[in-house]
Undergrad: 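I have a structure I would like to understand better, so I am pasting it below and will then ask my questions one at a time.
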Number of protein chains: 2
Amino acid sequence: MKKQVEDKKAALLEAALKLFTERGFHGTSTAQISKEAGVATGTLFNYFPTKEDLINGLYFEVKGELSRKMGKDVQTQKTYEEKLKKMWCNLVEWGIENQDKFLFVGQFCSSPYITSHTREVVMEEYVFFHDLVTEGLANGELGDYPPEMITSIFYQSSRTIVDYILYSEPQDRNKAIEDGFQIVWKGVAK
Amino acid sequence: MKKQVEDKKAALLEAALKLFTERGFHGTSTAQISKEAGVATGTLFNYFPTKEDLINGLYFEVKGELSRKMGKDVQTQKTYEEKLKKMWCNLVEWGIENQDKFLFVGQFCSSPYITSHTREVVMEEYVFFHDLVTEGLANGELGDYPPEMITSIFYQSSRTIVDYILYSEPQDRNKAIEDGFQIVWKGVAK
DNA sequence: ACAGAGTGATTGATCGGTCACTCATTAAAC
DNA sequence: GTTTAATGAGTGACCGATCAATCACTCTGT
């Protein structure tokens, strides 16, 4: 029984992810989401009281997954550059393997449907990333730029590379990932 | 008469720009756009047969304006780096001075409401930019990366810097623009 | 072993409201 | 006087959300 509950909730989130990304928030009806998830229209509202709660829940889940993947094996790297590169690869590989989630985050990270509360809670999971940049500035690994500028350039460039790989379809994806990191590292390093 | 016609069409585009950016495509009703523009609900459909025609027309206008601003005074620059920097500054300054248009382009450049036809027509106005990158690769000013990767990184980074300036509100905007270009130039230059 | 009351998840018909778009009428321009 | 632009009430379709009925399943007393 518990199993079924989780099944339906997961199915609803998966359906919402697909449809919100394809057609936007207002462009997707709750009925379409329910149908795609294989449940009745009323069932959606048992799990998510409103349509906004659904997209906020989805955003929370996806961003949480990304932050966990992003930080994986970073601390076991030896040099600072290797740590940053590990994070870069984690980010890009997640984006390639999870196109739908990647697009969803891009579309809705600054949309009005995501509440500031959700945004704040999610932000806390990325403290380790900001700390790594602060550390790099402190020990002189990074150039003398504002930390928020470095984090933004790093994160957005990783998204640019995912876009490039998915859209331009280079023969060698790893080469593209390497090239992308090289550009960013040359740019932000001391 | 011609004047009034242009007035109403411009008012509709301006209202649509504001509302689409704030609330999304499906989140904005044509009635709201008409009201904001100060015309009757039926008038909108005299100028744009469907809501999709309206957003496509708007996208065409805004992207066209951006491409014209972007290329301004670029050819009068002496060195290759100066040409690229001119384009960078044009891009960032336009973004800062036209926040609403800047946000609109970011939100709708890969949305399903913009037809592939609109996208193709708009793309033609950016040929000069791709040519400049190809030129830089040919004469060894730029590092050996795929041209599409360089154009994407350059364009997206300029957007990142506009975001940074608007959101983080640094005391010295020109410094931020300079820093941003320095990072990108160090990254993509030979 | 089993009847049947109890429980909470699930359902889909239904609701008031809003949507994009139409069209008969009016007003303006020449 | 004719043409052209502008109007806004009206249209059927669809929206998010509700809720009484139904369902699968558990538990208890015999």
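Computed from a predicted model, the values in this text were never measured in an experiment. Proteins come first, then strands; the chains are lettered A, B, ... in the order of their sequence lines, and each starts at number 1.
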Undergrad: Which is more 5' along DNA chain D, the nucleotide nearest B/G38 or the one nearest A/G27? Just name the residue.
TA: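 That would be B/G38.
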Undergrad: Base, sugar-phosphate or nothing for A/S34? Non-hydrogen atoms, less than 4.0 Å.
TA: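 Nothing, no nucleic acid heavy atom in range.
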Undergrad: Can you tell me how far C1' of D/dA5 sits from CG of B/D7, to the nearest Å?
TA: 14 Å
Undergrad: Identify whether any heavy atom of B/T41 sits under 4.0 Å from a base atom; if not, whether one sits that close to sugar-phosphate; answer base, sugar-phosphate or nothing.
TA: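 Base contact - B/T41 has a heavy atom under 4.0 Å of at least one base atom.
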Undergrad: Rounded to whole angstroms, how far apart are CD on A/Q32 and C1' on D/dA17?
TA: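 Taking atom C1' of D/dA17 as the reference, CD of A/Q32 is at 16 Å.
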Undergrad: Hey, is the side chain of B/K51 poking within less than 4.0 Å of OP1 or OP2 on C/dC21, counting only N and O atoms?
TA: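 No, no such contact exists.
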Undergrad: B/K35 has an atom NZ; how far is it from atom P of D/dA9, in whole Å?
TA: 13 Å
Undergrad: Any salt bridge between B/K69 and B/E93, counting N to O under 4.0 Å?
TA: no
Undergrad: Among D/dA6, C/dT11, D/dG8, find the nucleotide with the atom closest to the side chain of A/K8.
TA: C/dT11
Undergrad: Once hydrogens and angles are ignored, does a donor-acceptor distance under 3.5 Å link the base of D/dA17 to the side chain of A/T50?
TA: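 Answer is no: no donor-acceptor pair is held.
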Undergrad: Examine D/dC15: is either OP1 or OP2 under 4.0 Å from a nitrogen or oxygen in the side chain of A/S29? Give yes or no.
TA: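 Looking at the OP1 and OP2 atoms of D/dC15, one of them is under 4.0 Å from a side-chain N or O of A/S29.
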Undergrad: May I have the distance from A/F45 (atom CZ) to C/dA9 (atom P), rounded to whole angstrom?
TA: 17 Å
Undergrad: In whole angstrom, give the distance that lies between atom CZ of B/F25 and atom C1' of C/dC19.
TA: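 Distance check: B/F25 CZ to C/dC19 C1' gives 12 Å.
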Undergrad: Return the value, rounded to whole Å, for the distance between atom CG of A/L12 and atom P of D/dA17.
TA: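 To the nearest whole Å, that distance equals 14 Å.
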Undergrad: Tell me: CG of A/N46 to P of D/dC19, nearest whole Å?
TA: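 Interatomic distance, CG of A/N46 to P of D/dC19: 13 Å.
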Undergrad: How about B/F108 and B/Y59: are their ring centroids closer than 6.0 Å?
TA: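 No: the rings miss the under 6.0 Å criterion.
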Undergrad: What pair of heavy atoms forms the shortest contact from B/N90 to B/K72, and how long is it?
TA: ND2-O, 2.9 Å
Undergrad: Between B/F129 and B/F154, is a ring-ring contact (aromatic ring centres under 6.0 Å, His included) present by the stated rule, with each step listed?
TA: CA-CA 10 Å; B/F129 175 35; B/F154 182 89; 5.6 Å; yes
Undergrad: Taking OP1 and OP2 of C/dA9, is either one under 4.0 Å from a side-chain nitrogen or oxygen of A/Y47?
TA: no
Undergrad: Just how far, in rounded Å, is P of D/dG8 from CG of B/L44?
TA: 14 Å
Undergrad: First locate atom OG1 of B/T160, then atom CD1 of A/I150, and finally report the distance between them rounded to the nearest 0.5 Å.
TA: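 With rounding to 0.5 Å, OG1 (B/T160) is 13.5 Å from CD1 (A/I150).
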